[in-house]
Enquirer: 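Below is one structure. I have some questions about it.
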Amino acid sequence: MVRNKIYLWLSVFWTLLIIFLCLGVSSDFPVIKVDNLDKFVHFSLHLVFVFNWYLYFESKKQAAQSKLKLNLFLVSLLFGITIEIIQGALTKTRSADVFDVIANSFGAVLALLLIGLFENYFSKDSK
């Protein structure tokens, strides 16, 4: 019970962090000159997003487990697309970028692959 509350708070915090980082005024953030750093950040944010929400729903054991991973991917994808649309429509310092959505998607897919590997590893240990 306590563990799923921790997972919930961690997931909500991470979701709000993504919103803050993606919709905040970009000039307020430090400038780091690294090629494609923005894409790596998007990739990492959605990797952790999917992983955190997976831990929360897995700890509850009430979600439809057979579709949990697909649903998490779709939520991550739609969340990323929504953020990009809002960036393009409502912010003055940001613009929508399809490559950010692609980076988000790759992060979500890697999270699901890692989850699958962990599940396989731990299910072998329990047998």
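This structure is a prediction, so every number in the text was calculated from the model and none was measured.
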Enquirer: Could you measure the distance from the CG atom of Asn52 to the CG atom of Leu8? Nearest 0.5 Å is fine.
Expert: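 If we round to the nearest 0.5 Å, Asn52:CG and Leu8:CG are 10.5 Å apart.
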Enquirer: Taking C-beta and beyond as the side chain, do Phe49 and Val75 meet within less than 4.5 Å on heavy atoms?
Expert: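 SC-SC contact between Phe49 and Val75 confirmed.
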Enquirer: Using only atom types and a distance under 3.5 Å, with no angle test, would you say the side chain of Ser76 pairs donor to acceptor with the backbone of Leu72?
Expert: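 No, Ser76 side chain to Leu72 backbone: no donor-acceptor pair under 3.5 Å.
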Enquirer: When clusters are formed from ILVMFWY side-chain contacts under 4.5 Å, directly or step by step, what else is grouped with Ile6?
Expert: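 Ile6 shares its hydrophobic cluster with Val2.
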Enquirer: Listing request: all salt bridge (charged side-chain N to carboxylate O under 4.0 Å, His left out) pairs with a residue in residues 98-114, at least two apart in sequence or in separate chains.
Expert: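 For residues 98-114: Lys39-Asp100.
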Enquirer: Kindly compute the distance separating CZ (Phe79) from CG (Leu74), expressed to the nearest 0.5 Å.
Expert: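 If I round to the nearest 0.5 Å, the distance is 15.0 Å.
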Enquirer: Could you tell me whether the side chain of Leu77 reaches within less than 4.5 Å of the side chain of Val101, counting heavy atoms only?
Expert: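 Val101 reaches Leu77 side chain to side chain.
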Enquirer: From Leu110 CG over to Ser105 OG, what is the distance, rounded to the nearest 0.5 angstrom?
Expert: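 One finds 12.5 Å between CG of Leu110 and OG of Ser105.
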Enquirer: Sequence neighbours left out, what passes side chain to side chain donor-acceptor pair (under 3.5 Å) with Asn36? Give chain and number order.
Expert: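 Once residues adjacent in sequence are excluded, Asn36 has no partner under the side chain to side chain donor-acceptor pair (under 3.5 Å) criterion.
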Enquirer: State yes or no: do Leu10 and Leu47 share one hydrophobic cluster built from I, L, V, M, F, W and Y residues joined by side-chain heavy-atom distances below 4.5 Å, directly or via other members?
Expert: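 Cluster IDs for Leu10 and Leu47 differ.
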Enquirer: If the test is side-chain contact (heavy atoms from CB on, under 4.5 Å), which one of Ile81, Thr82, Ile83 qualifies with Ile85?
Expert: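 By the side-chain contact (heavy atoms from CB on, under 4.5 Å) criterion, Ile85 pairs with just one of Ile81, Thr82, Ile83: Ile81.
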Enquirer: Return the set of residues passing side chain to side chain donor-acceptor pair (under 3.5 Å) with Asp38 (not counting sequence neighbours), or none when no residue passes.
Expert: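 Listed in chain order: His42.
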Enquirer: Under a 4.5 Å side-chain heavy-atom rule over Ile, Leu, Val, Met, Phe, Trp and Tyr, are Phe43 and Leu78 clustered together?
Expert: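 Different clusters: Phe43 never reaches Leu78 through Ile, Leu, Val, Met, Phe, Trp or Tyr contacts under 4.5 Å.
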Enquirer: Would you check if Ile102 and Phe106 make a side-chain contact, meaning some heavy-atom pair closer than 4.5 Å?
Expert: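 Yes, close enough: below the 4.5 Å cut-off.
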Enquirer: Nearest 0.5 Å, please: how far is NZ in Lys5 from CH2 in Trp9?
Expert: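 With rounding to 0.5 Å, CH2 (Trp9) is 10.0 Å from NZ (Lys5).
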Enquirer: How close do Glu84 and Asp97 get, heavy atom to heavy atom, and via which atoms?
Expert: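 The pair with the smallest heavy-atom distance is OE1-N, 2.9 Å.
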Enquirer: Show every donor-acceptor pair shorter than 3.5 Å between a side-chain atom in residues 13-20 and any protein atom, with sequence neighbours excluded, or say none if there are none.
Expert:
from  : atom 1 : to    : atom 2 : distance (Å)
Trp14 : NE1    : Leu45 : O      : 2.9
Thr15 : OG1    : Ser11 : O      : 2.8
Thr15 : OG1    : Trp53 : NE1    : 3.0

Enquirer: Mind checking the CD-OH spacing from Glu58 to Tyr7? Nearest 0.5 Å is all I need.
Expert: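 With rounding to 0.5 Å, CD (Glu58) is 9.5 Å from OH (Tyr7).
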Enquirer: ring-ring contact (aromatic ring centres under 6.0 Å, His included) with Phe73: which residues, sequence neighbours excluded?
Expert: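 In terms of ring-ring contact (aromatic ring centres under 6.0 Å, His included), with neighbours along the sequence ignored, Phe73 is linked to no residue.
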Enquirer: I'd like to know if the side chain of Gln87 reaches the main chain of Arg94, judged simply by a donor and an acceptor atom lying under 3.5 Å from each other, with no hydrogens or angles considered.
Expert: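 The answer is no, because no donor-acceptor pair under 3.5 Å joins these two groups.
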Enquirer: Inspect the contact between Lys69 and Glu119 and indicate whether a charged nitrogen and a carboxylate oxygen are less than 4.0 angstrom apart.
Expert: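 Yes.
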